[in-house]
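Keep in mind it's a predicted model, so treat the numbers as computed, not measured. Numbers restart at 1 for each chain; the letters A, B, ... are given by sequence-line order, proteins then strands.
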There are 2 protein chains.
Amino acid sequence: MSTTSPEPVGLRERKKAQLRETLLNSGLRLFHEKGYEKTTTEEIAACAGVSQRTFFRYFASKEDVVLEAVEGVDEVLCAALRARPSDEHPFRALRNAMRDHWVILERENLHLQGSAGNFISQSPELFEANMRYCHRRQAKLAEVIGERTGVDPATDPRPSLVATVFFAALNNGFQTWSASGCTDSTDGLLRAFLHQLDLVPEAVCETWSTPGDPHHQA
Amino acid sequence: MSTTSPEPVGLRERKKAQLRETLLNSGLRLFHEKGYEKTTTEEIAACAGVSQRTFFRYFASKEDVVLEAVEGVDEVLCAALRARPSDEHPFRALRNAMRDHWVILERENLHLQGSAGNFISQSPELFEANMRYCHRRQAKLAEVIGERTGVDPATDPRPSLVATVFFAALNNGFQTWSASGCTDSTDGLLRAFLHQLDLVPEAVCETWSTPGDPHHQA
DNA sequence: GAGATTATGTCAGCGACTGACAAGTGGCAA
DNA sequence: TTGCCACTTGTCAGTCGCTGACATAATCTC
């Protein structure tokens, strides 16, 4: 794995971590093959060679399998955000981190988390489910934004607001992308994301361009 | 009801509409009394004097009962938005429509939809569920924004982006409001909403105020 | 190697939700 | 009014996500 986690020492802990990953892989693979809805938790468990009950001892819900994968992706995004110059405006930094993060994901595309991100993007079935995660995910992003700007997300609502708006724009981008056929795999999606992010200022404070001119360059 | 719907003519249709409303009222009342999670669909059905199966013939899911009520509230919001001067910036108009809409809701507070809105606000249990509706709800808002600005939401992504960001800010406001005790019923919530909405420009494009000065007047 | 922890399987059960079938009710024409 | 048709409803059985309880088996500790 690319994510740095402390290596478990005992045999028991090693087996546990191993089973968790087996379950995760089984779930993602089945979701990819048959679709999220058509995959049952029993199948995931059977695929990993354990009982359904054991599956639920490792994952609180079926959705959590997806969330687990997404969190891996988010870690890369947070790292990319931390790497941005600290004088960049938070939202702009997030936008640029998104672009950087995409490159990193593509570079490490062999990793599971990366393919999980793709698979979520490719399955409109998961779009709504993905939205549900956002408010869990935004907390982490808000944390990093708080670090960058030197404010405490617990007292200042702005970091989480930035994160929330960021995900909102992403969701919108995903919608337009999937509405427009979503033929190309990842490149078009990134473009859609960046496009939405760049439209946000106009959508909330800048001059709203004339209706006769709906198009404009990125 | 405050919502204008064509009166059903036949006895059959009238009974149907009546049962639908009975189920809706039963659901909302039980949610309010026992909480959303602790209310079963069987109880709602029994409370309305029908079988569970019949409940699911009127509502696709338990969540849809809440959505139904929220949609009533959204209609008021859309009307308030239409009433705003057309030269107002879409996001600003939405923000002001929110304030107007609140007044209307309070004035018609005896109506069911209004109390439903309150009840959702008061139940943190429903916050996550509420988020799920947003992307259904935003489509309607985007429609009205499209009317106002003279662009087609199907081709121009900005109306739905405005709506998405609007709901994102609202969600954030709800979070901070419920995190801070949520003692006052509705007035504090409106203030939290407006506060978040007013922070959005700063969060995405304007100057990010210094960390040493976390507070600022509304 | 014995005893205490911990992980797992099995089983039974709840609640949301669905399909199928039978029975009741309203609408309408002869 | 009668009789037929469409529609609505209840009942039943079943699926799936998810959980608690208990017994068994694996691991860890001494």
Side-chain angles (χ1 to χ4, degrees), chain A residues 6-24 26-28 30-31 33-69 123 125-126 128-130 132-133 136, chain B residues 6-24 26-28 30-31 33-69 123 125-126 128-130 132-133 136:
Chain A
E7 282 300 316
V9 277
L11 169 63
R12 186 175 264 163
E13 309 233 345
R14 223 176 318 129
K15 275 181 117 178
K16 241 174 90 172
Q18 194 179 326
L19 178 52
R20 184 177 188 83
E21 192 157 334
T22 305
L23 282 166
L24 183 65
S26 304
L28 293 179
L30 287 171
F31 291 162
E33 287 172 8
K34 329 179 26 177
Y36 177 76
E37 311 280 352
K38 289 189 178 176
T39 302
T40 70
T41 54
E42 268 188 11
E43 284 171 329
I44 301 173
C47 182
V50 294
S51 72
Q52 187 204 29
R53 191 65 185 86
T54 297
F55 168 84
F56 280 110
R57 286 193 178 102
Y58 282 82
F59 295 92
S61 69
K62 186 174 149 187
E63 290 183 351
D64 264 38
V65 176
V66 183
L67 179 58
E68 186 94 354
S123 164
E125 207 171 23
L126 269 174
E128 200 168 338
N130 191 34
R132 277 173 240 174
Y133 305 149
R136 288 207 227 175
Chain B
E7 282 301 314
V9 277
L11 169 64
R12 187 174 263 162
E13 308 231 345
R14 223 178 317 129
K15 275 181 116 176
K16 240 172 90 172
Q18 194 179 326
L19 178 52
R20 185 179 188 83
E21 194 157 332
T22 304
L23 282 166
L24 183 65
S26 305
L28 293 181
L30 288 172
F31 292 163
E33 287 172 10
K34 329 179 22 176
Y36 176 76
E37 312 280 352
K38 290 189 178 177
T39 303
T40 69
T41 55
E42 266 187 12
E43 284 170 329
I44 301 174
C47 182
V50 293
S51 71
Q52 187 202 31
R53 192 65 184 86
T54 297
F55 169 84
F56 279 110
R57 286 191 178 104
Y58 281 81
F59 295 93
S61 69
K62 187 174 148 186
E63 290 183 350
D64 263 40
V65 176
V66 184
L67 178 59
E68 186 94 352
S123 164
E125 207 171 23
L126 268 173
E128 200 169 339
N130 191 33
R132 278 174 240 172
Y133 304 149
R136 288 207 228 176

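Residues passing the salt bridge (Lys or Arg N to Asp or Glu O under 4.0 Å) test with B:R57, sequence neighbours excluded: none. Evaluation of the side-chain hydrogen bond (donor to acceptor under 3.5 Å, both in side chains) rule for B:S26 yields no partner, not counting sequence neighbours. Residues passing the side-chain hydrogen bond (donor to acceptor under 3.5 Å, both in side chains) test with A:S51, sequence neighbours excluded: A:T54.
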Notebook entry, point to check: Going through the checks in order, is the side-chain contact (heavy atoms from CB on, under 4.5 Å) test met by A:L24 and A:F59?
Noted result: CA-CA 9 Å; A:L24 183 65; A:F59 295 92; 4.2 Å; yes
Item checked: Test log, rule side-chain contact (heavy atoms from CB on, under 4.5 Å), inputs A:K16 and A:Y58 -> CA-CA 9 Å; A:K16 241 174 90 172; A:Y58 282 82; 3.1 Å; yes
Next item on the list: Apply the test side-chain contact (heavy atoms from CB on, under 4.5 Å) to residues B:Y36 and B:E63: give CA-CA distance (whole Å), side-chain angles for both, the deciding distance (0.1 Å), then the verdict.
Entry: CA-CA 9 Å; B:Y36 176 76; B:E63 290 183 350; 3.0 Å; yes
Margin query: The test is side-chain contact (heavy atoms from CB on, under 4.5 Å); show your working for A:V65 and A:F31 and say whether it passes.
Written below: CA-CA 10 Å; A:V65 176; A:F31 291 162; 4.0 Å; yes
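Atom CD in B:E21 sits 9.5 Å away from atom CD in B:E68 (nearest 0.5 Å). In this structure, the separation between CG on A:L28 and OG1 on A:T39 is 10.5 Å, given to the nearest 0.5 Å.
The residue B:L19 sits close only to the backbone: its heavy atoms come under 4.0 Å of sugar-phosphate atoms, none of a base. Within 4.0 Å of A:S51, counting heavy atoms only, lies at least one base atom of the nucleic acid.
For the OP1/OP2 pair of C:dA16 and a distance below 4.0 Å, the side-chain nitrogens and oxygens of B:T41 include at least one atom meeting the criterion. Applying the 4.0 Å criterion to OP1 and OP2 of C:dT8, one finds that A:Y58 has a side-chain N or O inside that range.
Rounding to whole angstrom units, NZ of residue B:K62 and P of C:dC14 are separated by 16 Å. Look at CZ on B:R53: it is 12 Å from C1' on C:dC21, rounded to the nearest Å. Separating the CD atom of A:E42 from the P atom of C:dT10 is a distance of 11 Å, rounded to the nearest angstrom. As rounded to whole Å, 12 Å separates atom P of C:dG15 from atom NZ of B:K38. Atom CD of A:Q52 and atom C1' of C:dA12 are 13 Å apart (whole Å). When the P atom of C:dC11 is taken as reference, atom CZ of A:F56 falls 18 Å away, rounded to whole Å.
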Note to self: Does the protein touch nucleotides 25-30 of chain C at the base, only the backbone, or not at all? Give it as B, S and - per nucleotide, heavy atoms under 4.0 Å.
What the structure shows: BBS---
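No donor-acceptor pair closer than 3.5 Å links the side chain of A:E13 to the backbone N or O of A:G10.
Residues A:A48 and A:L19 come closest through the heavy atom pair O-CD1, 4.5 Å.
When DNA chain D is scanned in the 5' to 3' direction for atoms under 4.0 Å from non-hydrogen atoms of chain B, the outermost contacting nucleotides are D:dA6 to D:dT11.
Axis orientation changes by 10° from one end of the helix from C:dG1-D:dC30 to C:dA30-D:dT1 to the other, with each end axis drawn from 5 pairs and the value rounded to 10°.
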